[in-house]
Amino acid sequence: MAIPYAANIGLGPLTLADIFTILLIISAGILIWVATRAKHNMDDSSQDRYRHKMERFEKYWILVAIVSIIILNIALVGTTPQTVTANTLNSLGVSNLQTQCPYAAPGHYAAACNNVIQQDVNELLPLQNQGKIKIVVVYAGQWYWDFYTVASNGTLMAAKNLTVSPNVPIVFLLTSVDVNHDFGLYSPDGTLEFQTQVSPDYVSVFVYQFSHVGPRLVRCLEYCGPGHWTMMAEIYIE
């Protein structure tokens, strides 16, 4: 069974955009309706009645907006990256992963996080050796992505052409060696499948399961300097 990300249950970026657009059109229609019913030449009593009517309408509209936001959040809470990652790891018996690296001066972020990443790799390694997950370590820097797979003994191995299998949860362990980056992964048709923040002094943990084969383009989605636009890589799903 696929990990229940929004994209895997039919709520990809385009579907969510459609929902937003429909709500926007409804809101605009209501505002236009209110505006066209406004009266400019009213006596005092009429204006007073109209004002009270609009005050009631505003309360109802605010209530509808609040309820809509709550419903959408409840509907999507199980598909958010943080929830999916936590639920997937918990279901596999993993609850001990470390994310905070020791303090380090600029230029030493990678070294500070190496031990934390290795601890997390050792914690996840039995699951990978059982074929339940695949571990991918990602170091981001100006302006590159370095990928590493993990050998059966826990050794990190540089992956020039990273290839992973579909229908297997991939546990990404990501950190930055310099400034903030954002790991954005695009499907072959150019749709953003997922993205997650990559920060120095911190190890981001992100679980994702690919459902379709084909190359994926990785781009940095947070401006990180003049070479930001060149910060691209590919992952192959096969």
Side-chain angles (χ1 to χ4, degrees), residues 2-21 76-89 97 99 101 109-110 113 117 120 133-149 158-238:
I3 292 177
Y5 277 99
N8 289 337
I9 61 173
L11 292 175
L14 292 180
T15 304
L16 295 176
D18 289 341
I19 294 173
F20 175 79
T21 301
L76 298 177
V77 67
T79 66
T80 59
Q82 296 85 356
T83 302
V84 173
T85 294
N87 288 346
T88 302
L89 293 176
L97 296 187
T99 55
C101 304
Y109 295 135
C113 287
I117 287 177
D120 290 346
I133 64 169
K134 174 78 172 177
I135 307 168
V136 173
V137 177
V138 182
Y139 284 90
Q142 293 172 307
W143 292 278
Y144 60 86
W145 300 102
D146 280 346
F147 299 118
Y148 295 84
T149 55
K160 185 174 179 61
N161 296 307
L162 177 62
T163 302
V164 298
S165 300
N167 304 316
V168 175
I170 311 299
V171 181
F172 291 93
L173 303 175
L174 312 98
T175 192
S176 169
V177 304
D178 40 46
V179 299
N180 283 336
H181 300 280
D182 197 293
F183 186 92
L185 185 138
Y186 291 82
S187 64
D189 64 1
T191 300
L192 178 65
E193 279 193 56
F194 72 83
Q195 56 91 217
T196 187
Q197 191 75 18
V198 185
S199 305
D201 271 347
Y202 190 82
V203 177
S204 297
V205 181
F206 191 94
V207 177
Y208 192 78
Q209 182 171 311
F210 294 98
S211 55
H212 302 290
V213 299
R216 301 299 197 276
L217 176 66
V218 177
R219 305 195 68 162
C220 180
L221 300 185
E222 180 161 336
Y223 182 72
C224 54
H228 165 72
W229 66 277
T230 67
M231 193 168 169
M232 293 181 284
E234 278 193 317
I235 297 178
Y236 302 92
I237 318 302
E238 57 184 46

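This structure is a prediction, so every number in the text was calculated from the model and none was measured.
Annotation: the span from Leu192 atom CG to Leu217 atom CG amounts to 10.5 Å, rounded to 0.5 Å. In this structure, the separation between CG on Asn161 and CZ on Phe147 is 10.5 Å, given to the nearest 0.5 Å. Distance check: Ile135 CD1 to Ile117 CD1 gives 11.5 Å after rounding to the nearest 0.5 Å. The CD1 atom of Ile170 sits 7.0 Å away from atom CD1 of Ile237, with the distance rounded to the nearest 0.5 Å. Expressed to the nearest 0.5 Å, how far CG of Leu221 lies from NE2 of His228 amounts to 7.0 Å. Rounding to the nearest 0.5 angstrom, the gap separating the OH atom in Tyr223 from the NE2 atom in His181 is 12.0 Å.
With hydrogens and angles ignored, the 3.5 Å screen pairs a side-chain donor or acceptor of Gln142 with a backbone N or O of Cys224. Thr175 contributes no side-chain N or O that, together with a main-chain N or O of Val203, makes up a donor-acceptor pair within less than 3.5 Å. Panel note: side chain Thr191, backbone Glu193; no donor-acceptor pair is recorded below 3.5 Å. Of the possible polar contacts, one joining the Ser204 side chain to the Gln197 backbone as a donor-acceptor pair under 3.5 Å is found.
A pairwise comparison of heavy atoms in Pro166 and Val213 identifies CG-CG1, 4.0 Å as the closest pair. Heavy atoms only, all atoms of each residue included: Tyr109 and Val177 are closest at CD1-O, 3.5 Å. When all heavy atoms of Ser211 and Asn167 are compared, the pair lying nearest together is CA-OD1, 4.0 Å. Shown here for Trp143 and Pro226, the closest heavy-atom pair between the two residues is CZ2-CD, 3.7 Å.
Checked against ring pair (Phe, Tyr, Trp, His ring centres under 6.0 Å), Trp145 has the following partners two or more places apart in sequence or in another chain: Phe183. In this view, Tyr148 and Tyr139 satisfy the ring pair (Phe, Tyr, Trp, His ring centres under 6.0 Å) rule, not counting sequence neighbours. Legend: residues meeting disulfide (SG to SG under 2.5 Å) with Cys113, ordered by chain and number and at least two apart, are Cys101. With sequence neighbours excluded, no residue forms a ring pair (Phe, Tyr, Trp, His ring centres under 6.0 Å) with Tyr236. Residues passing the side-chain hydrogen bond (donor to acceptor under 3.5 Å, both in side chains) test with Asp182, sequence neighbours excluded: Gln195.
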Thr196/Phe172 under side-chain contact (heavy atoms from CB on, under 4.5 Å): CA gap, chis, key distance, verdict = CA-CA 10 Å; Thr196 187; Phe172 291 93; over 6 Å; no
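Residue pairs meeting the salt bridge (Lys or Arg N to Asp or Glu O under 4.0 Å) criterion with at least one partner in residues 217-238, sequence neighbours excluded, do not occur; the list is empty.
Leu97 is not listed as a side-chain neighbour of Thr99, based on a closest heavy-atom distance of 4.5 Å or more. Using a 4.5 Å heavy-atom cutoff, the side chains of Pro188 and Arg216 are in contact. Annotation: side chain of Leu89 is in contact with side chain of Val205 (closest heavy-atom distance under 4.5 Å). Side-chain contact between Ile235 and Val136 is absent, with no heavy-atom pair separated by less than 4.5 Å.
Taking the six-membered ring where tryptophan is involved, the planes of Tyr208 and Phe206 are essentially parallel, since the angle between them stays under 30° and well short of 60°.
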